[in-house]
Amino acid sequence: MPFRFFVLHQARFLQFTLLQVAVAALVWCIGYAAAPAHWLVPVSAGAMLQAGVLVLMGSYCCFLIFFTLNALAFWLDVIWSLLVMAWFVIGFSGGALVPVSQMPPGFYEALRVGFPYWMITAPIELVMGRLGTGDFLFGVGLVTAQLVALDLLRRWVWRRGLARYVGAGM
């Protein structure tokens, strides 16, 4: 290949992300045009930008997790169940399945340290004005640390897998 395998997957992630952003913007514009009184409008452009940064950073964390899980195919024949479990954990801990704000306070605080919260719940709360810039900066710090850790894990799993790989040709 003319470039690294991981770069191909990063390019696909970028392609899908740009397409999703374009579709989401179009849907928001249509919804706002059709029902402006009932449509969620961000409290400020800054809040919208902060929410977008957190969504993109969290999405990249998801990308790294799923790349790493797929790299486990060096050792495992079937990883489908791991991928499904990961989606469930991410969805639950981020608030996509049950709103994090409805969980007991201790549970809420525990989930608040993971990137799924900052990818799903926190952007919504930023757009609605429930969180401020201080919360955003706290989230960026947490998610950045998790991005670095996940990238190191991805590199380690990939290198270990390549060392084990004995792909026989045709």
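Numbers here are sequence positions counted from 1.
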I'd like to know if the side chain of Gln146 reaches the main chain of Gly141, judged simply by a donor and an acceptor atom lying under 3.5 Å from each other, with no hydrogens or angles considered. no
Ring centre gap for Phe6 and Phe63 strictly below 6.0 Å: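 Close enough - the centres of the two rings lie under 6.0 Å apart.
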State plainly whether one hydrophobic cluster holds both Leu19 and Val27, where clusters connect Ile, Leu, Val, Met, Phe, Trp and Tyr through side-chain heavy atoms under 4.5 angstrom apart. yes
Just how far is it from atom CD1 of Ile79 to atom OG1 of Thr68, taken to the nearest 0.5 Å?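 So the gap between those two atoms works out to 10.5 Å.
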According to the salt bridge (charged side-chain N to carboxylate O under 4.0 Å, His left out) rule, which pairs have a member within residues 94-123, sequence neighbours left out?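 Counting only pairs at least two positions apart or across chains, the salt bridge (charged side-chain N to carboxylate O under 4.0 Å, His left out) contacts touching residues 94-123 are Arg112-Asp135.
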For the ring pair Phe67 and Phe13, is the centre-to-centre distance below 6.0 Å? no
Determine yes or no for a side-chain-to-main-chain donor-acceptor pair under 3.5 angstrom, with Thr121 supplying the side chain and Gly94 the backbone. yes
Could you tell me whether a side-chain N or O of Glu125 sits under 3.5 Å from a main-chain N or O of Leu131, the two making a donor and an acceptor? no
Over all heavy atoms of both residues, which pair between Val140 and Met57 is shortest? Give the atoms and the distance, please.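 That closest heavy-atom pairing would be O-CE, 3.8 Å.
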What distance do Asn70 atom CG and Trp158 atom CH2 have between them, rounded to the nearest 0.5 Å?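 The distance works out to 10.0 Å.
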Pairs satisfying side-chain hydrogen bond (donor to acceptor under 3.5 Å, both in side chains), at least one member in residues 8-30, at least two apart: Gln10-Tyr60
Pairing residues for Trp156 by the ring-ring contact (aromatic ring centres under 6.0 Å, His included) criterion, not counting sequence neighbours: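 Partners of Trp156 by the ring-ring contact (aromatic ring centres under 6.0 Å, His included) criterion come out as none, since no residue qualifies.
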As an exercise, state the distance from CG of Leu64 to OG of Ser59, rounded to the nearest 0.5 Å. 11.0 Å
